[in-house]
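Could you have a look at this structure, given as structure tokens, before my questions?
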Amino acid sequence: MTDELAPLHLILGEEELLIERAVAAVVARARAGTSDPDALPVDRLRAGDASSAELAELLSPSLFAEDRVIVLESAAEAGKDAVALITEAAGDLPDGVVLVVLHTGGGRAKALAPALQKLGAQVHACTKITKPNERNEFVRNEFRTAGLRVSADVVQAVVEGVGSDVRELAAACSQLAADTGGRVDVEAVRRYYSGRAEVTGFEIADLAVAGDRSGAMEALRWATDRGVPAVLLADALADSVHTIARVGSAGRGDPYSLASELGMPPWKVKKAQGQARGWNQASIGSAMGVVAGLNADVKGGAADTDYALERALITIVDLHGAR
């Protein structure tokens, strides 16, 4: 087993793709340090579902006679006895054994995560990616991992074209890097992903902030009928409203100069400048309140998310041009 690999690992968070990558990376490093990588045992058990007896058997010193990787899943839901067994084993791991604990950071065994950190666990942050800037950073890092540096315009185009699903974003970055020979620009992104359903969210938002009631409602019904997640539609509407607010408050000016100041791609600034003509400080302030409420509604606050989307969209349309 390689000396550089820590014996105790805490994979903390709920983003499944990042969790899978973290586990795979630990296992790969463990295998790389053995004379026969294919023979290294990897035992996986759902700690939250396992009985104390099952955990005790897995973590028994008798099993530590050979190099192995033990992966405990669902540790946040482990019972009191199971937590005690995991903590005890983590504090006294023999040479050659790597213990990997998957924990959300919450749950009934919430205290287990900080306890493992105190024992020196190497923490792998796998926090759920939910915010637009987090998705942008994820995409940027995916291209960086592929050996590419791309512009902010490309990052934004990928997110707008693919949506918020992290797996799909990762696959898109990989495909673009491979199929374009490393020459990824906005035109390439749009050529590959202009037909994706989630683009509809941004089309709906554009129609709403332009005051086009019939167009926005028709597009919304088209999207909901095809199963586009309400969260994505709400995110797109919020992004448009917040962008108009930021660009509008920055005043008129050259899109390229404002892009640098606002941290946005120039094309997005230019589009928002045109959209901002139908809004004033009071109406955009009201619209920001609407999208904030919608965000809560689509994440469990409303009994009928389709109705919440429709109501928010109509309110945004009616606010356009209001004095």
Are Thr305 and Asp297 side-chain neighbours, meaning at least one heavy-atom pair lies under 4.5 Å?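 No, their side chains stay 4.5 Å or more apart.
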Distance in Å, Arg191 CZ paired with Asp179 CG, rounded so as to fall on 0.5 Å steps: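 Arg191 CZ to Asp179 CG: 10.0 Å, rounded to 0.5 Å.
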Distance, nearest 0.5 Å, that separates CG of Leu8 from CD of Gln117: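 It is 10.0 Å, given to the nearest 0.5 Å.
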Can you check whether Ile204 reaches Leu237 side chain to side chain, under 4.5 Å on heavy atoms?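 Result no, sub-4.5 Å side-chain heavy-atom pair not found.
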With the side chain counted from C-beta on, respond yes when Gln275 and Asp206 share a heavy-atom pair under 4.5 Å apart, and no when they do not.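 Touching, per the 4.5 Å side-chain cut-off.
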May I ask you to say whether Arg311 pairs ionically with Asp304, meaning some side-chain N is under 4.0 Å from a carboxylate O?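 No, no charged N to carboxylate O under 4.0 Å.
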Any Leu176 side-chain heavy atom under 4.5 Å of Phe143 side chain: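 Yes. Closest side-chain heavy atoms under 4.5 Å.
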Do the side chain of Thr87 and the main chain of Ala84 share a donor and acceptor less than 3.5 angstrom apart?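 Not confirmed, Thr87 side chain does not pair with Ala84 backbone.
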Pairing residues for Glu134 by the salt bridge (charged side-chain N to carboxylate O under 4.0 Å, His left out) criterion, not counting sequence neighbours: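 Residues passing salt bridge (charged side-chain N to carboxylate O under 4.0 Å, His left out) with Glu134: none at all.
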For a quick test of reading the model, state the closest non-hydrogen atom pair linking Ala109 to Ala75 and the distance between them.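 Nearest heavy atoms, Ala109 then Ala75: CB-O, 3.4 Å.
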Taking all non-hydrogen atoms of both residues into account, name the closest pair between Ala30 and Val69 and its distance.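 Of all heavy-atom pairs spanning Ala30 and Val69, the closest is CB-CG2, 3.7 Å.
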Can you list everything that forms a salt bridge (charged side-chain N to carboxylate O under 4.0 Å, His left out) with Glu14? Sequence neighbours excluded, please.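 Testing Glu14 for salt bridge (charged side-chain N to carboxylate O under 4.0 Å, His left out), a comparison that skips the adjacent residues, returns none.
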Nearest 0.5 Å, please: how far is CD in Glu168 from SG in Cys173?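 The CD atom of Glu168 is 12.0 Å from SG of Cys173, to the nearest 0.5 Å.
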Side chains of Asp318 and Thr315: donor-acceptor distance under 3.5 Å anywhere?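 Looking only at side-chain atoms, Thr315 and Asp318 do not form any donor-acceptor pair under 3.5 Å.
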Hey, does Glu218 have a side-chain heavy atom less than 4.5 Å from the side chain of Leu207?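 No, their side chains stay 4.5 Å or more apart.
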With no hydrogens and no angle check, is any side-chain donor or acceptor of Trp279 less than 3.5 Å from a backbone partner on Val209?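 Checking the backbone N and O of Val209 against the side chain of Trp279, a donor-acceptor pair under 3.5 Å is found.
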So, the side chain of Arg108 versus the backbone of Glu77: is there a donor-acceptor pair under 3.5 Å, distance only?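 The answer is yes, because a donor-acceptor pair under 3.5 Å joins these two groups.
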Minimum-distance pair of heavy atoms, taken over all atoms of Ala188 and Asp185: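 It is N-OD1, 2.8 Å.
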Give me the atom names and distance for the closest heavy-atom approach of Ala308 to Leu294.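 Shortest heavy-atom contact: O-CD1, 3.6 Å.
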Checking side chain to side chain contact (heavy atoms under 4.5 Å, CB included) between Leu102 and each of Leu12, Leu72, Ile19, Leu10, which is the one that passes?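 Among Leu12, Leu72, Ile19, Leu10, the one meeting side chain to side chain contact (heavy atoms under 4.5 Å, CB included) with Leu102 is Ile19.
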Side chains of Thr127 and Glu15: closer than 4.5 Å at any heavy-atom pair?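 The answer is no, as the side chains (C-beta and beyond) never meet within the 4.5 Å cut-off.
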Kindly check if the number of other-residue, nucleotide or ligand heavy atoms within 6.0 Å of NZ (Lys110) is above 12?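 No, NZ of Lys110 has 12 or fewer neighbouring heavy atoms, counting only those of other groups under 6.0 Å.
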State whether Arg44 and Glu20 are salt-bridged, where the test is any N-O pair (Lys NZ or Arg NE/NH1/NH2 against Asp/Glu carboxylate O) under 4.0 Å.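 Judged by the 4.0 Å cut-off on N to carboxylate O distance, Arg44 and Glu20 do not form a salt bridge.
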Would you please test Lys268 and Val247 for side chain to side chain contact (heavy atoms under 4.5 Å, CB included) and show each step? CA-CA 9 Å; Lys268 192 171 185 179; Val247 172; over 6 Å; no
Is Val317 linked to Leu233 within one hydrophobic cluster, defined over Ile, Leu, Val, Met, Phe, Trp and Tyr using a side-chain heavy-atom separation of less than 4.5 Å?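 No, separate clusters.
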Nearest 0.5 Å, please: how far is NE2 in His242 from CD1 in Ile284?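 That separation rounds to 8.5 Å.
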ring-ring contact (aromatic ring centres under 6.0 Å, His included) pairs, two or more places apart, involving residues 83-117: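 Every candidate ring-ring contact (aromatic ring centres under 6.0 Å, His included) pair involving residues 83-117 fails, so no pair, neighbours aside, qualifies.
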Met288 CE to Ile316 CD1 distance, which is reported to the nearest 0.5 Å: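 Nearest 0.5 Å value for the CE-CD1 distance: 10.5 Å.
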When rounded to the nearest 0.5 angstrom, what distance separates CD in Gln122 from CG in Leu116?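 Between atom CD of Gln122 and atom CG of Leu116 there are 13.0 Å.
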Would you sort out whether Leu169 and Val158 count as a side chain to side chain contact (heavy atoms under 4.5 Å, CB included), showing the intermediate values? CA-CA 7 Å; Leu169 285 170; Val158 171; 4.0 Å; yes
Nearest heavy atoms of Ala205 and Ser240, plus distance in Å: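 Shortest heavy-atom contact: CB-OG, 3.2 Å.
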Is there a side-chain contact between Met217 and Ile314 in this structure, where contact means two heavy atoms from C-beta onward sitting under 4.5 Å apart?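 Yes. Closest side-chain heavy atoms under 4.5 Å.
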So does Asp235 pair up with Arg135, basic N to acidic O under 4.0 Å?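 Here Asp235 pairs with Arg135 in a salt bridge, since their nearest N and O are under 4.0 Å apart.
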Could you tell me whether the side chain of Ile129 reaches within less than 4.5 Å of the side chain of Glu137, counting heavy atoms only?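 In short, these two side chains do not touch, never coming nearer than 4.5 Å.
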Can you check side chain to side chain contact (heavy atoms under 4.5 Å, CB included) on Phe202 and Asp239, steps first, answer last? CA-CA 9 Å; Phe202 293 94; Asp239 182 76; 4.1 Å; yes
Take atom NZ of Lys271 as the centre, draw a 6.0 Å sphere, and report whether it contains more than 12 heavy atoms from other residues, nucleotides or ligands.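 More than 12 heavy atoms, drawn from other residues, nucleotides or ligands, come within 6.0 Å of this atom.
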Give the minimum heavy-atom separation between Ala177 and Ala146, together with the two atoms involved.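 Heavy atoms only, the tightest pair is CB-CB, 4.1 Å.
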Does the side chain to side chain contact (heavy atoms under 4.5 Å, CB included) test come out yes or no for Arg167 and Glu16, once each step is laid out? CA-CA 9 Å; Arg167 291 183 187 277; Glu16 290 185 4; 3.8 Å; yes
